[in-house]
Amino acid sequence: MKILVLGGTVFLGRAVARQARDAGHEVVCAARGESGEPVEGVAFVRVDRDRPDGLDALDGTFDAVVDVGRRPSHVRHAATSLRGRAGHFTFVSSGSVYADAATPGQTVATAPVMAPAEPGFDDPSADAEAYGRCKVTCEQVVSGTFGTEASFICRAGLIVGPEDPTGRFDYWVRRHARGGEILAPGTPDERVQVVDVRDLAGWIVQAAERGLAGTFDGIGSPVTRREFHAALAEGAPSVHELTWIPQEFLAAREVAPWSGPRSLPVWLPLPEYAGFLTRDDGPSIAAGLRTRPLAETVADTRSGLRDEPHRIGLTEEEEAELLREWHAR
Ligand SMILES: NC(=O)c1ccc[n+]([C@@H]2O[C@H](COP(=O)([O-])OP(=O)(O)OC[C@H]3O[C@@H](n4cnc5c(N)ncnc54)[C@H](OP(=O)(O)O)[C@@H]3O)[C@@H](O)[C@H]2O)c1
């Protein structure tokens with residue numbers, strides 16, 4: 001097959017291109033070439049989707065397209081210009097489209113989505129809601145242009161694994177590799193849900209091959225935080241000990257959830273986000289998604305880590321201070 005990846009220079013897009021190439025497909029990646037490099041062995045077409053003529057360099061036909069875009073203008077332009085020239089369109093959407101982040105165990109069939117972005121609104125980076133609403137618009141544009149029978153809307157959950165540019169999962173892999181007393185947020189029985197980038201990419205390639213259509217969550221199975229940390233500890237070189245600290249204590253000391261400086265990544269306040277990382281993966285498994293053991297994702301992430309300065313999460317000093325305060329309470 002001839003597969004066009006709109007993107008393909010970072011993380012998921014690169015993983016899709018790599019797996020499509022390895023499966024023997026002819027792969028074309030199209031991007032500006034600013035965020036990173038495409039993998040070897042694929043064609044690269046330089047395009048700038050901010051420009052009205054930005055996709056003119058993409059001529060010919062494609063059996064399938066994969067788009068990781070977030071701006072409605074980009075996705076509208078791509079879907080319109082590729083209509084009639086591509087047989088199948090995968091749009092990589094996000095779990096951020098859901099209106100209700102609090103109810104655990106939801107599926108695509110049961111969960112309402114947010115309203116689309118206002119017409120003309122095109123800034124998914126404004127805030128989390130804008131991002132979700134722009135993704136809703138993009139989904140509607142793709143399904144409306146390619147038809148529900150030729151579009152695969154893949155609502156990705158938290159994507160982790162090698163080459164992750166966000167540093168969220170890396171924080172935990174690095175932290176466990178360092179060992180010692182580790183501050184674990186929340187309680188051991190809370191649940192968390194991630195998907196390995198390679199599993200998601202493999203499913204997206206398979207969807208193109210099979211012509212899978214419809215809307216699905218691209219998610220792994222939920223695990224407890226106890227299991228999450230056990231997988232992180234597997235194969236870590238140092239001994240470690242977890243100290244669980246409840247969210248009230250952390251919030252009172254201005255530890256941020258999810259990401260950013262002075263944060264505990266992949267941790268979200270409850271009960272507001274009790275449904276965000278606890279979705280039901282049954283329908284996606286039934287549609288062909290296969291996920292590897294978390295410990296394998298951890299091991300491969302660890303071996304791909306580069307020696308980079310601290311970017312997100314707690315610094316060693318911040319974590320030590322919080323642990324001191326916790327024990328002294
Ligand atoms: N990470 C997560 O946990 C997570 C969770 C849920 C959903 N998602 C979704 O999953 C997808 C992740 O995709 P990804 O990992 O490949 O990263 P990404 O950061 O979404 O990649 C964007 C791609 O688009 C290209 N691009 C950006 N602006 C462009 C422009 N003006 N013209 C042409 N190309 C442009 C970039 O390359 P250049 O900059 O080189 O042009 C890059 O290849 C996204 O759809 C994201 O919304 C991610």
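Both counts, for ligands and for their atoms, begin at 1 and track the order of listing. Sequence positions, counted from 1, serve as the residue numbers for this chain.
Looking at Glu316, Glu181, Glu319 one by one, the single match for salt bridge (Lys or Arg N to Asp or Glu O under 4.0 Å) with Arg175 turns out to be Glu319. Partner of Phe169 under the side-chain contact (heavy atoms from CB on, under 4.5 Å) criterion, chosen from Ile159, Leu158, Thr301: Thr301.
Residues Arg70 and Ser125 are not in side-chain contact: their nearest non-hydrogen atoms beyond the backbone lie 4.5 Å or more apart. Contact annotation: the side chain of Tyr98 approaches that of Arg155 to within less than 4.5 Å [non-hydrogen atoms, C-beta and beyond]. Residues Trp267 and Gln247 meet the side-chain proximity criterion, which asks for heavy atoms closer than 4.5 Å. With a 4.5 Å cut-off on side-chain heavy atoms, Ile204 and Gln19 do not count as touching. By the 4.5 Å heavy-atom criterion applied to side chains, Val223 and Val192 are counted as neighbours.
The atoms of ligand 1 that sit less than 4.0 Å from any heavy atom of Gly13 are 14 (P), 16 (O). When each atom of ligand 1 is checked for a heavy atom of Asp50 under 4.0 Å away, the hits are 31 (N). Remark: ligand 1 atoms within the under-4.0 Å shell around heavy atoms of Leu158 are 3 (O). The ligand atoms of ligand 1 that sit less than 4.0 angstrom from a heavy atom of Gly33 are 38 (P), 40 (O), 41 (O). Listed by number with element, the atoms of ligand 1 under 4.0 Å from a non-hydrogen atom of Tyr131 are 7 (C), 8 (N), 9 (C), 46 (C), 47 (O). Per-residue contacts place Asp48 under 4.0 angstrom from the following atoms of ligand 1 (heavy atoms of the residue considered): 30 (C), 31 (N), 32 (N). Residue Gly7 approaches ligand 1 through these ligand atoms, each under 4.0 Å from one of its heavy atoms: 23 (C), 24 (O), 43 (O). Counting atoms of ligand 1 from 1 in the listed order, those under 4.0 Å from a heavy atom of Ala156 are 6 (C), 7 (C).
The pair Arg329-Glu325 does not meet the salt-bridge criterion, since no charged nitrogen lies less than 4.0 angstrom from a carboxylate oxygen. Using a cut-off of 4.0 Å between Lys/Arg side-chain N and Asp/Glu carboxylate O, Asp189 and Arg226 are scored as salt-bridged. The pair Glu26-Arg21 fails the salt-bridge criterion, with no side-chain N (NZ, NE, NH1 or NH2) lying under 4.0 Å from an Asp/Glu carboxylate O. Salt bridge annotation for Glu163-Arg18: present, with a cationic side-chain nitrogen under 4.0 angstrom from a carboxylate oxygen. Between Asp196 and Arg292, at least one side-chain N (NZ, or NE/NH1/NH2) sits under 4.0 Å from a carboxylate O, which counts as a salt bridge.
The shortest N or O to N or O distance between Ala31 and ligand 1 is not below 3.5 Å. By the 3.5 Å distance cut-off applied to N or O atoms, Arg14 is not counted among the residues near ligand 1. No N or O atom of Phe11 sits closer than 3.5 Å to an N or O atom of ligand 1. Close N/O approach between Leu12 and ligand 1 is found [any backbone or side-chain N/O within under 3.5 Å]. Taking distance alone, with nitrogen or oxygen atoms compared against 3.5 Å, Thr166 stays at or beyond that limit from ligand 1. For the pair Gly36 and ligand 1, the shortest N or O to N or O distance does not fall below 3.5 Å. Looking at ligand 1, you'll find an N or O of Glu34 within less than 3.5 Å of one of its N or O atoms.
Proximity of His74 to ligand 1, defined as any heavy-atom pair under 4.0 Å, is confined to the side chain (atoms from C-beta onward). When non-hydrogen atoms are compared, ligand 1 lies under 4.0 Å from neither the backbone nor the side chain of Pro165.
Among protein heavy atoms, the minimum distance from atom 32 (N) of ligand 1 is reached at Arg49 N, 2.8 Å. For atom 37 (O) of ligand 1, the closest heavy atom belonging to the protein is Thr9 OG1, 2.9 Å. The closest protein non-hydrogen atom to atom 28 (N) of ligand 1 is Arg32 NH2, 3.3 Å. Among all protein heavy atoms, the one lying closest to atom 22 (C) of ligand 1 is Val68 CG2, 3.8 Å. Remark: minimum distance from atom 4 (C) of ligand 1 to any protein heavy atom is reached at Ile159 CD1, 3.6 Å. Residue, atom and distance of the protein heavy atom nearest to atom 11 (C) of ligand 1 are Val92 CG1, 3.8 Å. Closest to atom 38 (P) of ligand 1 among all protein heavy atoms lies Ser35 OG, 3.3 Å.
Between Trp244 and His229, the two ring planes are perpendicular [angle over 60°; tilted spans 30° to 60°]. Ring geometry, Trp172 versus His176: the interplanar angle falls from 30° to 60°, so the pair is classed tilted.
For atom 20 (O) of ligand 1, the choice among Glu163, Arg155, Arg51, Arg70 with the nearest heavy atom turns out to be Arg70. Of all the listed residues (Val5, Leu55, Val10), Val10 holds the heavy atom that lies closest to atom 17 (O) of ligand 1. Of the listed residues (Gly218, Ser94, Gly95, Gly157), the one carrying the non-hydrogen atom nearest atom 5 (C) of ligand 1 is Gly157.
Checked against the 6.0 Å centroid criterion, the rings of Phe152 and Trp203 qualify as a close aromatic pair.
Residue Arg168 places a heavy atom under 4.0 Å from ligand 1.
Checked by atom type and distance alone, the side chain of Asp127 pairs as donor or acceptor with a backbone atom of Ala130 at under 3.5 Å.
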